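Note that the structure is a prediction, hence the values are computed from the model and not measured. Residue numbers start from 1 in every chain, and the chains themselves are labelled A, B, ... in the order their sequence lines are given, proteins ahead of strands. Side chains are part of it too, since the values below use all heavy atoms of this structure and drop only hydrogens, waters and symmetry mates.
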Amino acid sequence: MITVEIVDKWMELFYQKISEQKAYLSELDTPIGDGDHGNNMMRGMQGVKDGLAKLSEPDLKLTFKTIAMSLISKVGGAAGPLYGTAFLEMAKNCEETQEPAELFKLALEGIKKRGGATTGDKTMIDVWAPVVDALAAASLSVEKVKEAAEGTRDLVAKKGRASYLGERSVGHLDPGAVSSQYLFESFIAAGGIK
Amino acid sequence: MKKIINDPGDVVPEMIDGLVRAYPQYVTRIPETEAVVRSDKASMDGKVGIVSGGGSGHEPAHPGFVGKGMLSAAVAGQVFTSPTPDQIYEAIKAVNTGKGVFLIIKNYSGDVMNFDMASDMAELDDIPVKSIIVDDDIAVEDSLYTQGRRGVAGTVIMHKIVGAAADQGASLAEIEKLAKEVLPHINTIAVALSAATVPEVGKPGFELADDEIEYGVGIHSEPGYRREKIKTSRKLVEELVSKIDSELKLDAGHKYAVLVNGMGATPLMEQYVFSHDLLDELAKKKIVPAFMKVGNYMTSIDMAGISLTIFDLVDEKWLDYLNYPVETIAW
């Protein structure tokens, strides 16, 4: 069950992680993107932090919506709409279900629809899809999340800017997959799957 | 990194501020955004609004092309990063006079997604929105396994054509049809001598040796198709024209418009030398351009290099659109 307390803690931990890893994320983005993923995510998470601080009552839907709109209006690039859509889907559906397995599945569908990518294209989906599967099987762990992000190293990029590199994208981690790894590690650390 | 800036994080807002204050006769900032709209609001009355935009770092694109006869508004994102949907949506609202709004988007995943989300928001407000995704860069194979061809300097040609049609009273449906007809006839190819440095990153997007060039580089330092030793202008022209020829099949019986575009750090002197060789090369094929522009239109911050756009004027009217008068900072 996802609660407002868990989401608040989750976002606090994700904010910390992005602050610590900002330079590393941008570094990952340099050989296969344009070197700004860390800066963009930092701007977004600063927006999330400021937005959530302004909420006066603990309302799950409003919390998800605030996260979504902050990311959509602050991140830019491809990551903004993709992460934003994921949280918008959770906002839309969190009154029907608070189960992470179900909410993340709906979020993943939103990401696929928005970006047109699928599993194996070397994108954030290569972390989201295994996470959704593991949640459904009640077997999600920090190790599995990390393994999924590591798995993007051997893939050929088929979407986004990295796709222009084709075979030359092999050997590099996908920055969006790594920021998604941080997102789910933070979720687990916040007590999301207890 | 040596740049005339203050805090790297303030480059975009300070640039937009400088631009609108320097040219108040052409553009005005939309409050609380990095978007600019025509100062001459009356020129948009009863016309379809034309909105473009994208990451910053391509100046004078896109705000430099806002004005009567061209764009109605332009939205600037962070450097090399798509603008966000809320800002694009503000621009759409600012230019809608009841005839709908047409969006000119460059084919990058971020731009496409953010403009899409903004269109969704506008539709909820009953503002009719149509769009074209420009993908004129022939360096990239248009394959299912990539994002597809990128939108580069030819986007400015699209701004001009669509802007002229809108000013002459074309409807949203007519503008969409025109944009689709024009698109496949605009082809661009670039060569880079050095990479751009994004202020917040602080180092060049890729490395090229002092004597090396790369063909087909994109406007955000996306990789091209071949690297080799620097050549004479004449040889560079031969390579770029042959690449376009293989795509467009240049034909002495056709009329063409040509855009020679500097990437940011290439002097006009070199651009004119390149133009001299280009016109000679085209003359060998018995082609004299019916329209030509040389200068910095779609730059890549401080990248040195040049792009060549050739636009096949299949319809006589397209030449009239190119020659149609505009009141902008940079056309």
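With a 4.5 Å cut-off on side-chain heavy atoms, B:Gln78 and A:Asn39 do not count as touching. A heavy-atom distance below 4.5 Å is not found between the side chains of B:Thr84 and A:Lys74. The shortest side-chain heavy-atom distance between B:Pro223 and A:Arg168 falls under the 4.5 Å cut-off. Residues A:Asp36 and B:Glu200 form no side-chain contact, since every pair of their non-hydrogen atoms from C-beta on lies 4.5 Å or further apart.
The contact between B:Asp120 and chain A is made entirely by side chain atoms (from C-beta outward), counting heavy-atom distances below 4.5 Å. With a threshold of 4.5 angstrom between heavy atoms, A:Asn40 approaches chain B through side-chain atoms but not through N, CA, C or O.
Once rounded to the nearest 0.5 Å, the distance linking CZ of A:Arg161 with CD of B:Glu222 reads 5.5 Å. Rounding to the nearest 0.5 angstrom, the gap separating the CZ atom in B:Arg149 from the OH atom in A:Tyr164 is 11.5 Å.
Interface remark: of the candidates A:Ser73, A:Gly166, A:Gly115, A:Ser73 forms the most heavy-atom pairs closer than 4.5 Å to chain B. Taking A:Val156, A:Leu165, A:Asp121, A:Ile32 one by one and counting their heavy-atom pairs under 4.5 Å with chain B, the maximum is reached by A:Leu165. For chain A, the option among B:Asn114, B:Val112, B:Val201, B:Val79 with the highest count of heavy-atom pairs below 4.5 Å is B:Asn114. For the options B:Gln87, B:Arg150, B:Lys203, heavy-atom pairs under 4.5 Å to chain A are most numerous at B:Arg150.
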TODO: Apply side chain to side chain contact (heavy atoms under 4.5 Å, CB included) to B:Asp86 and A:Met69, showing your working.
DONE: CA-CA 9 Å; B:Asp86 51 317; A:Met69 295 320 286; over 6 Å; no
TODO: Check the pair A:Thr85 / B:Met117 against side chain to side chain contact (heavy atoms under 4.5 Å, CB included), numbers first and verdict last.
DONE: CA-CA 9 Å; A:Thr85 298; B:Met117 291 185 97; 3.6 Å; yes
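For residues 52-62 of chain B, heavy-atom neighbours of chain A at less than 4.5 Å comprise no residues at all. Using non-hydrogen atoms only and a strict 4.5 Å limit, no part of residues 3-14 of chain B faces chain A.
A:Gln98 meets the side chain to side chain contact (heavy atoms under 4.5 Å, CB included) test with A:Met1, A:Leu60; sequence neighbours excluded. Partners of A:Lys92 by side chain to side chain contact (heavy atoms under 4.5 Å, CB included), not counting sequence neighbours, listed by chain and number: A:Glu89.
The two residues B:Ser109 and A:Gly160 come nearest to each other via the heavy atoms OG-CA, 3.4 Å. B:Thr81 approaches A:Gly76 most closely through the heavy-atom pair CG2-C, 3.7 Å.
More than 12 heavy atoms of other residues, nucleotides or ligands shown are found within 6.0 angstrom of NZ on B:Lys93. The number of heavy-atom neighbours closer than 6.0 Å to CD of A:Glu20, taken from other residues, nucleotides and ligands shown, is above 12. The number of heavy atoms from other shown groups lying within 6.0 Å of CD (A:Glu167) does not exceed 12.
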